[in-house]
Protein chains: 2
Amino acid sequence: MTSYALLSLLVIDSENQDGLTGYELKQRADFTLRFYWVSPAMSQIYTELERLTSHACVSVDEDVDGRRTTRRFRITPAGREALDTWLRDPTDDFPVLKHPVALRLMLGAMMGTDAVRDMLDRYEQALSERRQELEAVRAMLGDRESVAYAARVAEWGLTFFDAEATAIDRTRDSL
Amino acid sequence: MTSYALLSLLVIDSENQDGLTGYELKQRADFTLRFYWVSPAMSQIYTELERLTSHACVSVDEDVDGRRTTRRFRITPAGREALDTWLRDPTDDFPVLKHPVALRLMLGAMMGTDAVRDMLDRYEQALSERRQELEAVRAMLGDRESVAYAARVAEWGLTFFDAEATAIDRTRDSL
DNA sequence: AGCGTACTGTTCCTAATCGGAATATCGGAG
DNA sequence: CTCCGATATTCCGATTAGGAACAGTACGCT
């Protein structure tokens, strides 16, 4: 799955002819991918790139910058095709949510009402920070047609964050 | 993290004096834990139980049932304490969402509007099935005080599902 | 010029998690 | 008594997580 996520980052960047380094891919992942997926570990990015290269889904350019050589990766036509096949595969699986707050809330009786309230407050705070970050991404995308789908994904994320805020309020009211 | 999830299942079941087998834990996880976490693989359940046993957080009863011996696991006071310490730890991390639909939506321009619509329809369908399952769990919990927190977690999940439905609608309207 | 330091870029290591297949026993329907 | 589904555990390989370690680069500062 992660390989498709990386290919998608490479496609999105592909107007830029230079390609991306593993390091840059990590940065892009940290910037947007993390809102609806996870930002893969460094280690995984490089191993996936290795694999994608061996499948000819990405091509590598070795840049010699003085004393070190860095590698820039670009998606190949074969990579695009693999991505396209995956996009058309109708067996999309269901989203996975790992929610530490819910996990703890389950044991609210053991925590006590005050500790639950504190936890909710902390989560509310963290949530509003994330929301602002995503809002900034959304604002940056504007209404340019070329990034319309990215904007839709950002909107989706904002809807999710708002629902979380609602859930916090409802839970607090029920205590 | 998974070990705490298992401990929480054992705590919740602990009115029942018999304890649970690994298999039963898997069933409980499939039933509720999957809505706000993941249902761990068999392999992981047994390895975690092994580890928890070695840390004296769970105790094991070997039941000899005819030709085979099965093991029932119960949480120990030390296990409760470990769980309690974790519950009071204020460093709860942020929820992680892995959303395949959003990942594909990002490349909507490559999919084409029709394929995007189809994907949204399929997700809407899958979502309503999940919602019904969770609704059934919620109904089963009723308003008994002993499961009030589980009910709150279920409500939280329903709020999430409703937000997903909203996001689907908004995305569809924007196409 | 030399120094410090933050950033860029890659590799490496370990642990945790995933996903089921394989195995084997049990319990009940017919 | 036989078959089949449920119970129970083990095993395997692959993927994912999370950073530390290492090395070069860019840039401001004195």
Side-chain angles (χ1 to χ4, degrees), chain A residues 1-7 9 18-31 33-34 36-55 58 60-74 86 91 93-100 103, chain B residues 1-7 9 18-31 33-34 37-55 58 60-73 86 91 93-100 103:
Chain A
M1 207 73 182
T2 304
S3 56
Y4 292 112
L6 291 180
L7 282 179
L9 290 176
D18 291 343
L20 295 169
T21 65
Y23 184 78
E24 284 169 334
L25 274 167
K26 174 63 173 164
Q27 287 183 315
R28 314 251 165 164
D30 285 342
F31 189 61
L33 193 60
R34 72 172 158 131
Y36 55 92
W37 198 255
V38 282
S39 188
M42 289 286 184
S43 51
Q44 207 189 345
I45 287 178
Y46 282 98
T47 37
E48 289 296 343
L49 283 172
E50 197 97 353
R51 181 185 349 193
L52 287 168
T53 305
S54 79
H55 289 14
V58 301
V60 196
D61 275 337
E62 305 234 328
D63 266 25
V64 184
D65 285 341
R67 198 171 316 180
R68 79 169 157 184
T69 67
T70 66
R71 285 167 300 160
R72 316 200 126 261
F73 299 87
R74 267 176 299 131
W86 172 71
T91 69
D93 21 31
F94 203 80
V96 169
L97 183 61
K98 285 189 173 192
H99 206 310
L103 188 57
Chain B
M1 207 74 180
T2 304
S3 56
Y4 292 113
L6 290 180
L7 282 179
L9 290 176
D18 291 342
L20 295 170
T21 64
Y23 185 80
E24 284 168 334
L25 275 167
K26 174 63 174 164
Q27 288 184 313
R28 314 252 165 164
D30 285 343
F31 190 61
L33 192 61
R34 72 172 159 131
W37 197 254
V38 282
S39 189
M42 287 286 182
S43 51
Q44 206 189 348
I45 287 178
Y46 282 98
T47 38
E48 288 296 342
L49 284 172
E50 197 99 354
R51 180 188 348 198
L52 287 168
T53 305
S54 78
H55 289 14
V58 302
V60 196
D61 275 337
E62 304 234 328
D63 267 23
V64 184
D65 285 342
R67 199 170 315 180
R68 79 170 158 184
T69 68
T70 67
R71 285 166 302 159
R72 317 201 125 262
F73 299 87
W86 173 72
T91 69
D93 21 31
F94 204 81
V96 169
L97 182 61
K98 286 189 172 191
H99 205 308
L103 188 56

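Below, read A as the first sequence line, B as the second, and so on, with proteins coming before strands; counting in each chain starts at 1.
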Any non-hydrogen side-chain atom of L103(B) less than 4.5 Å from a side-chain atom of L33(A)? yes

Atom-to-atom span, CD of E48(A) to P of dT11(C) - whole angstrom: 15 Å

Here the gap from H55(B) atom NE2 to E48(B) atom CD, rounded to the nearest 0.5 Å, amounts to 9.5 Å

Proximity to the side chain of R71(A) - top-ranked nucleotide from dT17(C), dT10(C), dT15(D): dT10(C)

Rounding to 0.5 Å, atoms CZ (F73(A)) and CG (L20(A)) come to a distance of 10.0 Å

Base, sugar-phosphate or nothing for E50(A)? Non-hydrogen atoms, less than 4.0 Å. nothing

Starting at CZ of R28(B) and ending at P of dT7(D), how long is that distance when rounded to a whole Å? 12 Å

Hey, does the side chain of Y46(B) reach the backbone of Y23(B) with a donor-acceptor pair shorter than 3.5 angstrom? yes

Please encode protein proximity along nucleotides 17-23 of chain D as a string of B, S and -, counting only heavy-atom distances under 4.0 Å. BBB---B

Find the distance D18(A):CG to dG9(C):P and express it as a whole number of Å. 12 Å

Counting only N and O atoms by type, is there a donor-acceptor contact under 3.5 Å from the side chain of R71(B) to the main-chain atoms of E62(B)? no

In whole angstrom, what separates F73(B)'s CZ from dA8(D)'s C1'? 10 Å

Rounding to 0.5 Å, atoms CD1 (I45(A)) and CG (L9(A)) come to a distance of 8.0 Å

Rounded distance (Å) that lies between atom P of dT10(C) and atom CG of L20(A): 11 Å

T70(A) vs R51(B), nearer the 5' end of DNA chain C by closest nucleotide: T70(A)

Does dG9(C) have OP1 or OP2 sitting under 4.0 Å from an N or O in the side chain of Y23(A)? no

Counting neighbours of CD on E50(B) that are heavy atoms of other residues, nucleotides or ligands and sit closer than 6.0 Å, is the number greater than 12? no

Contacts of K26(B) meeting salt bridge (charged side-chain N to carboxylate O under 4.0 Å, His left out) (sequence neighbours excluded), chain-then-number -> D30(B)

Once you round it to whole Å, what is the distance between C1' of dT8(C) and CG of L25(A)? 14 Å

To the nearest 10°, let me know how far the axis at one end of the helix from dA1(C)-dT30(D) to dG30(C)-dC1(D) is tilted from the axis at the other, five pairs an end. 20°

Distance test, side-chain N/O of Y46(A) to OP1/OP2 of dT11(C), below 4.0 Å: no

Atom-to-atom span, CH2 of W37(B) to P of dT17(C) - whole angstrom: 8 Å

Side-chain N,O (Q27(A)) to OP1/OP2 (dT8(C)) below 4.0 Å: yes

To the nearest Å, how far apart are R72(B) CZ and dT9(D) C1'? 14 Å

By nearest atom, which of the nucleotides dT16(D), dT17(C), dT10(C) is closest to the M1(B) side chain? dT17(C)

